[in-house]
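Just so it is clear, the structure is predicted and the values come from calculations on it, not from any experiment.
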Amino acid sequence: MTVAIATWNINSVRLRLPQIVRFLKERRPDILCLQEIKCPNEHFPIAALREAGYAHIAVNGQKAYHGVATLSRRPFAEVETLSFCGKQDARHLAVSFGVEAGADLAGLTLHNFYVPAGGDIPDPQANVKFAHKLDFLAEMRAWSRRRRGDGAALLVGDLNIAPLETDVWSHRQLLRVVSHTPVEVENLNAVQAAGAWVDVVRAEIPPDQRLYTWWSYRARDWAASDRGRRLDHIWASPALAGRVVAAEVVKEARGWPRPSDHAPVVARLKL
DNA sequence: ATGGTCGGCAACCGA
């Protein structure tokens, strides 16, 4: 048997509830990590998602902005949130699994991240949001270094950076666009190296193939213009990396009625 | 070259 782990920036969990339920029913992932839920914990639609088969739900929400949640068919042993840059932003949620979740999931820790988007101007002097993004990545790097070698772990979420040339529709045209600037890519690569994280999606889908997880709402026809970016990621600790048997971007979900601007990403592991 | 669209929440901010 395999375990399917999914991540999806949902851009309002309340507005997108029908799309989430559709995805869960069609794909039946064991775990779904959501970002940009955009609601406080008390407004999260727990009952509807439990009814869809996900009895175990951890939420780190806040009013109007950001917010992450993790839904699971199997029970959590522990739930933890981290703060970054001395802010109260809800951008991280960790869950871990014990033997009561099954022998395959036991010992796994799953980190769900929503990295700051960084605003429009790729200059930390001129744009405090870009400075915050770089600071956040620096803290992620230090945290990754500390937890390195600390057993079976996954790091998933909207990292808001497309690192490879084939992760964007035009490398040349996006070099000065926030999400694909060299300084962001260097910082993301430093986070990855510090934790010895393996990009399991690119291990399964070769880097010479273009792959996107986000398409702007502003395009007249998102599919026809296909000006996408790969902002959403699934990384594994070294011990788990060899266990990944498949990875996929569920692009069709971007074409459903009233979609999120992000598509879900799914990795399947044989644990 | 520029502006284009969403969501939250009640005027714009953030993406």
In whole angstrom, what separates [X]'s [atom1] from [N]'s [atom2]?
X: A/Gln62; N: B/dC13; atom1: CD; atom2: P; answer: 17 Å
X: A/Arg220; N: B/dT2; atom1: CZ; atom2: C1'; answer: 11 Å
X: A/Gln19; N: B/dC6; atom1: CD; atom2: C1'; answer: 13 Å
X: A/Ile161; N: B/dA15; atom1: CD1; atom2: P; answer: 13 Å
X: A/His66; N: B/dG14; atom1: NE2; atom2: C1'; answer: 8 Å
X: A/Asp89; N: B/dG14; atom1: CG; atom2: P; answer: 11 Å
X: A/Trp222; N: B/dG3; atom1: CH2; atom2: P; answer: 26 Å
X: A/Ile10; N: B/dG8; atom1: CD1; atom2: P; answer: 11 Å

Check A/Asn11, A/Leu15, A/Ile10 against A/Lys38 for a side-chain contact (heavy atoms from CB on, under 4.5 Å) and give me the one that passes.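 Among the candidates, only A/Asn11 passes.
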Can you name the one residue among A/Asp158, A/Asp232, A/Thr213, A/Asp261 that meets side-chain hydrogen bond (donor to acceptor under 3.5 Å, both in side chains) with A/Asn9?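 Only one of A/Asp158, A/Asp232, A/Thr213, A/Asp261 forms a side-chain hydrogen bond (donor to acceptor under 3.5 Å, both in side chains) with A/Asn9, namely A/Asp158.
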What is the ring orientation for A/Trp197 with A/Trp235, classed by angle as parallel under 30°, tilted 30 to 60°, or perpendicular over 60°?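 The arrangement is tilted - the two ring planes meet at 30° to 60°.
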5′-ward residue of the pair A/Asn11/A/Glu36 relative to DNA chain B: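 Its nearest nucleotide being more 5', the pick is A/Asn11.
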When the nearest nucleotide of DNA chain B is assigned to A/Arg258 and to A/Tyr65 on a heavy-atom basis, which residue is associated with the more 5' position?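 Closest to the 5' end, via its nearest nucleotide, is A/Arg258.
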Using a cut-off of 4.0 Å on non-hydrogen atoms, how would the nucleic acid contact of A/Arg227 be classed: base, sugar-phosphate, or nothing?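 It contacts nothing in the nucleic acid.
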Residues touching DNA chain B, which here means a heavy atom under 4.0 Å, drawn from residues 111-136 of chain A: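 Heavy-atom contacts with DNA chain B come from A/Tyr114, A/Ala117, A/Lys129.
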Taking the P atom of each, how far is B/dG14 from B/dA1, in whole Å?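 28 Å, rounded to whole Å.
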What's the gap between B/dA15 and B/dG4 when it is taken at their C1' atoms, as a whole Å value?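 The answer is 14 Å between these two C1' atoms.
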Lys/Arg N to Asp/Glu carboxylate O, A/Lys87 vs A/Asp135, below 4.0 Å: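 Here A/Lys87 does not pair with A/Asp135 in a salt bridge, since their nearest N and O are not under 4.0 Å apart.
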Under 3.5 Å, is there a donor-acceptor pair linking the side chains of A/Arg202 and A/Thr166?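 Per modelled atom types, A/Arg202 and A/Thr166 side chains form a pair under 3.5 Å.
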Between A/Arg229 and A/Ser179, is there a side-chain donor-acceptor contact under 3.5 Å, judged purely by atom types and distance?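 Side-chain D/A pair, A/Ser179 to A/Arg229: present.
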Out of [options], which has the shortest distance to the side chain of [X]?
X: A/Arg14; options: B/dG4, B/dG7, B/dG8; result: B/dG8
X: A/Tyr217; options: B/dC6, B/dG4, B/dG8; result: B/dC6
X: A/Lys38; options: B/dA10, B/dC6, B/dG8; result: B/dG8

Within the structure, does a side-chain N or O atom of A/Lys63 lie under 4.0 Å from either OP1 or OP2 of B/dA10?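 Answer is yes, contact under 4.0 Å.
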Closer than 3.5 angstrom, by distance alone: can the side chain of A/Arg91 be matched with the main-chain N or O of A/Tyr114 as a donor-acceptor pair?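 Indeed, once roles are kept as given, a pair shorter than 3.5 Å links the two residues.
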